Structure formats: C-alpha cells, structure tokens
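Heads up: the structure comes next, in structure tokens.
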Amino acid sequence: MRFAGFPPEAIEFYERLEVENTKDFWLAHKHVWEAAIRDPMDALMEELREEFGEAKVFRPYRDVRFSKDKSPYKTYQGGFAATAGGMGYYTQVSADGLLTAAGFHEHSPDQVERYRAAVLDDTTGAELATMTQALVKKGFELGGDVMRTRPRGVDADHPRIELLRHRSLTPWRTLKPGTTLHSRKSFTRVRDDWRALRPLNEWVEHHVGPAREERRR
C-alpha cells in the first residue's frame, strides 16, 4: 500500500471519538479506524523506513491503570522511529491534524545532567541554540518537560536559560486538516520535517544519549 494521505474520515473519526470515547463507538467504527488511520499510518512508516529506520505504530488503547481518566482509546494515532532509547522521530494524526516531532522525551536524572552540561558549554550549547532558533523560524515549537524556575546554580540571565529549563526537548509542529493532509503531500511534509529535525536528533544522541539509570517516578 502506497501512502496517499489521511482521508477526511480520519479527522471525523477522532472528532467523534473525543466526544464518545466508548467501547460501543469503537466497535461500531473500528473499520473506519483501520482504513482511514491504521493502514495509512502503516504505509507512511514503511515508506520512511529506508531513510529513518524501523518505526513503531502504537496501539490505539490507553493504559488507564494509573490514570483518573478511564477513557479506553487514544484520540490520536502515533508512529515513532527510534534512534536510541526514548529519542527519535515522531508523528501522529488526530482531530487537530498531523503532528511531526523529534528529540528526546525521556529524562532520567543522568540524561538531564548530560543535557544541561552540554547546554552550559559555550560550544555545544551555542550549537543547540542555533539549531533551535532555526527550527522556531520554520514554525516548530520547543516542547518537552520544562521547569517553571531554573536549574540550581544557573543565573537567571544566562543566555541559554530557556533551553536550560528543559528536562526533555521535543520540537514539534502541526499540519492542520485540509487538502495537504488528505493527499500524498503529507508524506513530503513528514519526511521534510524529520530531515529538518535530524541535526537536533544527532546533537541529542551525541550529547545526551539514552538513559543509564531508571527514571524517578
């Protein structure tokens, strides 16, 4: 199957699922999820595999064991091409459109320590600042887990204070529902966004790396 975009039915499905997140709705409309969401996502990840590596298409079911929200189904479908533990390239389709992202979402204490050391370094920190500024100019937002204050021992006027507040770093942007999303052009959007995010991913892999200890919960 060649990826040809996510049809309008994908957006309509998630708009309805956000209102009626029940097993009855899911069973009655599972065929829509399969044809309009699962199969296109599988095809998209397969086409990107040669350039970005094997990708995982996530299950649609939520883990509600430790959540107050017992809604059984995710209101989005994600795909992730990992480059190392907790870092790589991500995309998801939802009622909001098609999101593309990259970076590292895990943040064990040792990862945070290495990340901040690299940001504090005038050479590697400046590299990251230049990359993130370029991504913001292209329309990306700098997501991730961010402190409200600042790391201990860091001056409030540090030139990279906003980056130092991050415990994880995941630049992202969203393609809104419309003609491009529903066509082959959305493949180009994901591919080009992932290419634009590759230098940041390489920086993260080199200077942060996967977790070496279990994250505190």
Side-chain angles (χ1 to χ4, degrees), residues 1 3-46 48 54-82 85-108 111 139-148 166-183 186-187 189-190 193-194 197 211 214-217:
M1 176 180 174
F3 178 72
F6 291 97
E9 290 81 6
I11 305 302
E12 295 166 5
F13 174 86
Y14 280 126
E15 287 175 339
R16 295 187 62 185
L17 185 64
E18 288 181 353
V19 176
E20 191 178 352
N21 198 320
T22 65
K23 185 176 181 179
D24 287 344
F25 174 85
W26 181 267
L27 292 178
H29 299 85
K30 186 178 179 181
H31 64 285
V32 178
W33 172 78
E34 292 173 341
I37 298 164
R38 183 198 64 187
D39 291 350
M41 183 63 79
D42 283 341
L44 175 61
M45 294 298 98
E46 177 60 27
L48 292 166
E54 292 290 342
K56 175 181 180 180
V57 176
F58 294 102
R59 290 163 54 86
Y61 313 106
R62 296 183 65 246
D63 183 353
V64 300
R65 292 173 297 171
F66 308 107
S67 175
K68 292 182 180 179
D69 179 4
K70 299 302 181 182
S71 302
Y73 306 102
K74 298 174 183 176
T75 54
Y76 57 89
Q77 177 62 61
F80 182 62
M87 50 190 65
Y89 302 93
Y90 179 74
T91 189
Q92 74 175 35
V93 63
S94 69
D96 294 328
L98 185 65
L99 178 146
T100 50
F104 74 109
H105 62 89
E106 290 183 357
H107 50 92
S108 64
Q111 285 179 302
F140 289 90
E141 296 188 36
L142 300 184
D145 184 8
V146 182
M147 299 177 65
R148 293 183 179 179
H166 281 259
R167 296 189 186 94
S168 59
L169 186 62
T170 53
W172 63 273
R173 68 173 176 171
T174 300
L175 174 66
K176 296 297 183 182
T179 304
T180 298
L181 175 61
H182 307 319
S183 73
S186 54
F187 166 80
R189 172 62 177 263
V190 176
D193 278 5
W194 283 10
L197 291 163
E214 185 177 355
R215 179 183 171 185
R216 296 170 185 169
R217 299 187 181 276

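None of these values were measured; they are calculated from a predicted model.
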Does the side chain of R38 reach to within under 4.5 Å of the side chain of Q77, using non-hydrogen atoms? no
When every non-hydrogen atom of A36 is compared with those of P7, the smallest separation belongs to O-CD, 3.4 Å
How far does NE2 of H105 sit from CG of D145, to the nearest 0.5 angstrom? 12.5 Å
When you look at OH of Y76, are more than 12 heavy atoms from neighbouring residues, nucleotides or ligands closer to it than 6.0 Å? no
Gap between atom NZ of K74 and atom OH of Y14 - 0.5 Å precision: 9.5 Å
Got a sec, which pairs hit side chain to side chain donor-acceptor pair (under 3.5 Å) with one end in residues 169-178, sequence neighbours left out? R173-D193
Beyond-backbone contact of V190 with Y89, side-chain heavy atoms, under 4.5 angstrom: no
Distance-minimising heavy-atom pair for I37 and V93: CG2-CG1, 4.1 Å
CD of E15 to CG of D96: how many Å apart, nearest 0.5 Å? 9.0 Å
Could you check if a side-chain atom of L197 sits within less than 4.5 angstrom of a side-chain atom of P171, using non-hydrogen atoms only? yes
Tell me, do L17 and H29 make a side-chain contact under 4.5 Å, heavy atoms counted? no
Taking atom NZ of K70 as the centre, does the number of heavy atoms from other residues, nucleotides or ligands within less than 6.0 Å exceed 12? yes
Where S108 and A211 come nearest, the two heavy atoms and their spacing: OG-CB, 3.2 Å
Could you state the interatomic distance from CZ (F3) to CZ (F187), rounded to the nearest 0.5 Å? 8.5 Å
Kindly indicate whether the side chain of S71, heavy atoms from C-beta on, has any atom under 4.5 Å from the side chain of R62. yes
On a heavy-atom basis, which atom in S186 and which in G5 lie closest, and how many Å separate them? OG-CA, 3.5 Å
According to the interplanar angle, ranging from 0 to 90°, do the rings of F25 and F13 count as parallel (below 30°), tilted (30 to 60°) or perpendicular (above 60°)? tilted
Mind checking whether T22 and P72 have side chains closer than 4.5 Å, heavy atoms only? no
Is a side-chain N or O of W194 found less than 3.5 angstrom from the main chain of Y90, in a donor-acceptor match? yes
To the nearest 0.5 Å, how far apart are NE2 in H182 and CG in L98? 11.0 Å
Sorted by chain and residue number, the salt bridge (charged side-chain N to carboxylate O under 4.0 Å, His left out) partners of E46 (sequence neighbours excluded) come out as R49
Write down the atom of P177, the atom of G97, and the distance for their closest heavy-atom approach. CD-CA, 3.8 Å
Check whether any side-chain heavy atom of F80 sits under 4.5 Å from a side-chain heavy atom of M45, and report yes or no. no
Check step by step if side chain to side chain contact (heavy atoms under 4.5 Å, CB included) holds for H107 and L169. CA-CA 9 Å; H107 50 92; L169 186 62; over 6 Å; no
Output for pair (D39 CG, L44 CG), nearest 0.5 Å, gives 12.5 Å
